[in-house]
Amino acid sequence: MALVVSILSALLLTHVCTGDKSCEIWSSAGLVVQRNSTFQVYCTFKFNCKGSMYSGHRPLVQFHRKHNETTIYLDVAHLSDHRTFSCNCDDPSSNTDPCGLDILAGYPPDRPANFSCVHQISEFNHSSTVECKWASGRQTYIRSNAKLWVRTFSHNTSGADEVSSVSAKGSSSVAASFTVDTSVQVVSVWASVTNQLGSAQTHQKNYTLSDIMMPPVPAPPQVHCWSRNCSIKVQQKVQTFALNIDYRDVEEEQWTPHPNVSNGLVESLQPYTLYQFRARSKFATGLWSDWSRPVSVRTQEEAPERALDVWYAVDPRTESMRVYWKKLPLYVAHGKILDYTITVYHQNSVQTLNGSSDKQNISVPLCSDCDVTVSARNTKGHSPPANITIHTSEAKDVLVPVINKNNVTLCWRQHASAALPLDCVVEWFPRGQKLEKMQWLRISGNSSQVVITDMEPFQCYEGSVYVFYSDKSMDRLRFSDISIADLAPTAGPSVERLVEGTTVNVNWSEPDVGQHKGCITTYTIYLENSSRFVTTYNVSASLRFHVISGLSPAAYSIWMTASTAKGEGKPGQKINFFIQQDSQMALIVKLALLAVFMLFILCACHIPAVKERMWVYLQYFMPDIPDPANSKWAKDCLKEKDVSLHPQLSTTTETEEEDLVCVQIQDLPRPLLSPQTSLTSDTDLRPLYPEIIYITSLSHESDCSGHTQTISLDTNDYMSSHGTEAMSEAEDNEDFNTFFPSHSYFPEQLDFGPKLTLDAVRIGGGDFFSLAS
Ligand SMILES: *[C@@H]1O[C@H](CO)[C@@H](O)[C@H](O)[C@H]1NC(C)=O
Ligand SMILES: *[C@@H]1O[C@H](CO)[C@@H](O)[C@H](O)[C@H]1NC(C)=O
Ligand SMILES: *[C@@H]1O[C@H](CO)[C@@H](O)[C@H](O)[C@H]1NC(C)=O
Ligand SMILES: *[C@@H]1O[C@H](CO)[C@@H](O)[C@H](O)[C@H]1NC(C)=O
Ligand SMILES: *[C@@H]1O[C@H](CO)[C@@H](O)[C@H](O)[C@H]1NC(C)=O
Ligand SMILES: *[C@@H]1O[C@H](CO)[C@@H](O)[C@H](O)[C@H]1NC(C)=O
Ligand SMILES: *[C@@H]1O[C@H](CO)[C@@H](O)[C@H](O)[C@H]1NC(C)=O
Ligand SMILES: *[C@@H]1O[C@H](CO)[C@@H](O)[C@H](O)[C@H]1NC(C)=O
Ligand SMILES: *[C@@H]1O[C@H](CO)[C@@H](O)[C@H](O)[C@H]1NC(C)=O
Ligand SMILES: *[C@@H]1O[C@H](CO)[C@@H](O)[C@H](O)[C@H]1NC(C)=O
Ligand SMILES: *[C@@H]1O[C@H](CO)[C@@H](O)[C@H](O)[C@H]1NC(C)=O
Ligand SMILES: *[C@@H]1O[C@H](CO)[C@@H](O)[C@H](O)[C@H]1NC(C)=O
């Protein structure tokens, strides 16, 4: 419309200067049409000229038809919006103005829906209004006029007063109101809407005002809260008959009606929770007012209700210990946790640590059989202390988990004892990351099964189940080598080699934990000689060394891979070395020296004082002489060999508890042998195992096999396995400090004396002396 006005007013200006309008324009359907209707627009030209027609906001020439000599027309189909049409005389010689027309497209009004009225009593009794509302239905797109029609009566609808109307406001939701004085008791009302395309009106509705009387909305309630109750006051502007109060936890959708408004106290609330309150009121007759604006009030704090769930991990490698706890859920915390108090009771000393509210674990000094308590603090006090006793005992049994897709099921049997199982903790963590990635679950003591659902794929997990009994005893069952999904390792072990004559001591460190991609099952050593012939050696995943002997002098390359259940991983770095021709001369010199030495000892042993003194030294030089059959080592070793004959027992551990002790030995060596848990304080990862195996294998050689000991380390495979068993015993006895008296347990390569039992040495020495004398 505005466009046409501006175009036409611009043209009017030219018209003043030039002359008349060239044409007359009209539509067959009038100026206002229903949307989607079809009609014609005509132009009759006053002069004999060739006319053209335009339409649109930005006028475009339209294809017109000829009606008669002076008149052209345009068919307009499915008009969906307001549109401007215009015609112009194209004759360049005629200085005439174009003519234009705006056509509006809309709908006739719908009948008003949901028509209803209320009688609003304001704070001032004398003025009260009737407010009616309705929904206007479909949008009309053209100007519509909505009105509320009213007829008022003082008693009933018999004596008619005059009809009056008030105009309504709003587009989709329409409202209109009028004031009534106290004499009016009944109103008859209806609504009407009209526009250029039609009109509609509601049925008449007769209301008795007392039936639709509604008090004003109350002010938001005034609320004062303690921790579990709130007192509520509602100020009302008019005297009402009834009051409703609703409240809800802001986290929840549902409002709860306050059961007894008359005492103004809402009870059974939770501490430190944000609640909303609202109110509404009603006269003896009529309608409830709208709800007041809600007020939000937080109840006060209370001291945390329950003890924390606390657990711990001991890491003998770093001689450290960590205590973990889980955050209290808000409904138990009863407030904002300010900090955590950690107390360590060790013998007679008490140490208190303070953990900030964002912490969930803390390092505490390593202690055994000490008690640690943890409690959470808010402004109102502490939670009951959660008390754990630090045990450093080793697992009794080995569990075999069942892996089902992404969750792991562990089953165990209750210890058949008089003591009642109190509770049970299942802990798990990726291998080598006990302190960093500890997770645990505390379950009922009667449980005999747990499903772990949140293990990450491509990680090798291990852990334990602890059952605590009423008599303060504890069972610990280990499990290890669990991965819910494997890939082949993305890196190989890094190899170091030590060449001694024709023997190579290969030792390696495992790839970084992130590159394992599951549980490593075996290592493979590749040895390539100068003629490109490759020999492979498969080694158990628990080992970190391998001895290859009897190599002929040449140049060699060596590299390694690690394998998971998914397959062999990428090779580690290749290392080259030489085996040199052993000099015959060197051997002869060595033998000669040995002979001289033996002679010296034979002589010296005839002097009693020297004999005594010699004993000390002999311990270090005579590992081969002890009686193999009677030595303590021999017995231990025999036992172990026995066990190693039944490796499959590990799969039946759940039922055959008697056998478990044996199986455990099979399973245990690995953690100890991993660089993470090695016993040295050395920080570089250079393994100590060559030293360890060198010594232990010597002992085994001499004691168990009955062969005469040779230092050549020939029967490497056999020795290796015995070596691990020896180490696994060390692991069994988790109290490392007593098992290995110092951190530099193997100070030098040949200081293997302490590894021999005194028994063996005494027998050995005696034999030697009797032989010598
Ligand atoms: C417009 O009218 C035609 C027939 O006259 C009909 O087929 C079409 O559905 C209508 N469109 C709308 C949007 O109402
Ligand atoms: C052409 O048609 C219009 C409209 O019907 C009419 O007013 C006009 O007189 C006609 N002109 C002639 C020349 O017939
Ligand atoms: C009328 O009220 C009912 C119920 O409140 C609602 O479902 C319906 O949509 C309303 N009608 C219109 C046209 O708004
Ligand atoms: C208005 O006030 C009168 C007395 O002043 C009382 O009787 C009447 O109930 C009041 N009406 C309402 C709607 O409160
Ligand atoms: C209305 O009130 C008048 C007198 O006040 C009475 O005569 C008439 O019967 C009433 N009509 C109805 C429909 O109640
Ligand atoms: C309302 O009152 C009027 C006037 O007495 C009457 O004509 C009409 O039928 C009444 N309507 C209803 C719905 O009762
Ligand atoms: C509300 O609770 C507080 C403590 O939470 C209590 O002291 C007080 O007596 C309670 N008030 C009532 C009216 O019960
Ligand atoms: C409601 O509270 C009032 C005042 O404290 C008390 O007298 C009344 O017994 C309570 N009613 C119910 C149903 O609890
Ligand atoms: C713990 O530390 C916080 C912040 O450093 C301090 O406010 C709080 O008093 C401390 N608590 C104890 C028990 O020492
Ligand atoms: C120990 O606490 C630190 C932060 O205090 C956190 O990043 C780490 O994940 C926690 N470790 C465990 C195992 O919960
Ligand atoms: C923790 O529990 C142990 C064993 O139940 C008990 O001997 C010890 O006194 C408790 N310590 C504390 C601080 O409660
Ligand atoms: C364990 O995994 C299986 C299969 O994915 C699933 O059906 C089952 O619900 C899981 N169990 C638990 C306790 O999540």
Side-chain angles (χ1 to χ4, degrees), residues 21-30 39-51 53 64-75 85 87 89 99 101 107-118 131-140 144 146 148 168-176 190-193 200-203 205 212 221-233 245 247 258-275 277 287-288 290-291 297-305 331 333-335 378-381:
K21 259 194 183 179
S22 64
C23 54
E24 203 177 315
I25 183 166
W26 79 95
S27 115
S28 66
F39 57 97
Q40 290 82 37
V41 175
Y42 291 88
C43 277
T44 304
F45 291 92
K46 290 175 183 167
F47 312 102
N48 199 7
C49 66
K50 190 169 173 283
M53 291 188 90
H64 64 261
R65 293 167 195 268
K66 209 174 170 91
H67 176 63
N68 61 25
E69 278 175 8
T70 56
T71 306
I72 57 174
Y73 72 97
L74 178 66
D75 278 317
F85 297 92
C87 296
C89 185
C99 48
L101 180 71
Y107 293 111
D110 278 349
R111 174 188 280 199
N114 292 353
F115 178 71
S116 71
C117 300
V118 295
E131 187 179 275
C132 297
K133 285 180 183 168
W134 64 91
S136 59
R138 180 167 65 167
Q139 199 184 340
T140 59
S144 301
L148 177 67
K169 290 196 179 75
S171 52
S172 66
S173 153
V174 187
W190 67 98
S192 74
V193 201
Q201 74 173 44
T202 62
H203 293 298
K205 258 191 170 174
I212 55 169
Q222 292 168 293
V223 182
H224 178 82
C225 290
W226 291 269
S227 62
R228 287 173 190 270
N229 59 32
C230 291
S231 79
I232 297 175
K233 261 190 216 147
I245 292 172
Y247 65 95
H258 178 19
N260 189 359
V261 176
S262 56
N263 69 8
L265 190 76
V266 179
E267 283 168 306
S268 319
L269 300 179
Q270 286 298 308
Y272 197 61
T273 306
L274 192 60
Y275 286 97
F277 300 87
L287 307 169
W288 284 103
D290 286 335
W291 286 105
V297 180
R298 190 178 282 284
T299 48
Q300 295 177 4
E301 293 193 355
E302 272 181 13
E305 181 182 282
Y331 69 90
H334 290 173
N378 64 19
T379 56
K380 290 293 163 75

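Every number for a ligand or one of its atoms is a count from 1 in the order of the listing. For this chain, numbers begin at 1 and follow the sequence in order.
Of the inter-residue distances, the one linking His64 atom NE2 with Asp75 atom CG reads 12.0 Å to the nearest 0.5 angstrom. The OH atom of Tyr272 lies 13.5 Å from the CD atom of Glu302; values are rounded to the nearest 0.5 Å. Atom NE2 of His334 and atom CD of Glu305 lie 4.5 Å apart (nearest 0.5 Å). The distance from the CZ atom of Phe85 to the CD atom of Gln40 is 11.0 Å, given to the nearest 0.5 Å.
Between Phe277 and Tyr275, the two ring planes are tilted [angle within 30° to 60°].
For atom 5 (O) of ligand 7, a protein non-hydrogen atom is found at a distance below 4.0 Å.
With 2.5 angstrom as the limit on SG-SG distance, Cys87 and Cys23 do not come in below it. Between Cys132 and Cys117, a gap of under 2.5 Å is found separating the two SG atoms.
At the top of the distance list for atom 2 (O) of ligand 3, counting protein heavy atoms only, stands Asn114 ND2, 2.0 Å. In terms of protein heavy-atom proximity, atom 14 (O) of ligand 3 is nearest to Ala135 CB, 3.3 Å. In terms of protein heavy atoms, atom 1 (C) of ligand 7 is closest to Asn229 ND2, 1.5 Å. The protein atom (non-hydrogen) at minimum distance from atom 13 (C) of ligand 2 is Thr70 OG1, 4.3 Å.
Ligand 2 has His67 within reach: a non-hydrogen atom of the residue lies less than 4.0 Å from it.
Checking only distances, Asn68 does come within under 3.5 Å of ligand 2, N or O to N or O. Considering backbone and side-chain N/O atoms, Arg228 never comes within less than 3.5 Å of an N/O atom of ligand 7.
Each of the following atoms of ligand 7 lies closer than 4.0 Å to a heavy atom of Ser227: 5 (O). The ligand atoms of ligand 7 that sit less than 4.0 angstrom from a heavy atom of Leu265 are 12 (C), 13 (C), 14 (O). Those atoms of ligand 2 with a heavy atom of Thr71 less than 4.0 angstrom away are 1 (C), 2 (O), 3 (C). Counting atoms of ligand 3 from 1 in the listed order, those under 4.0 Å from a heavy atom of Ala113 are 13 (C).
Nearest heavy atom pair, residue Leu269 against residue Cys230, reads CD1-SG, 3.4 Å.
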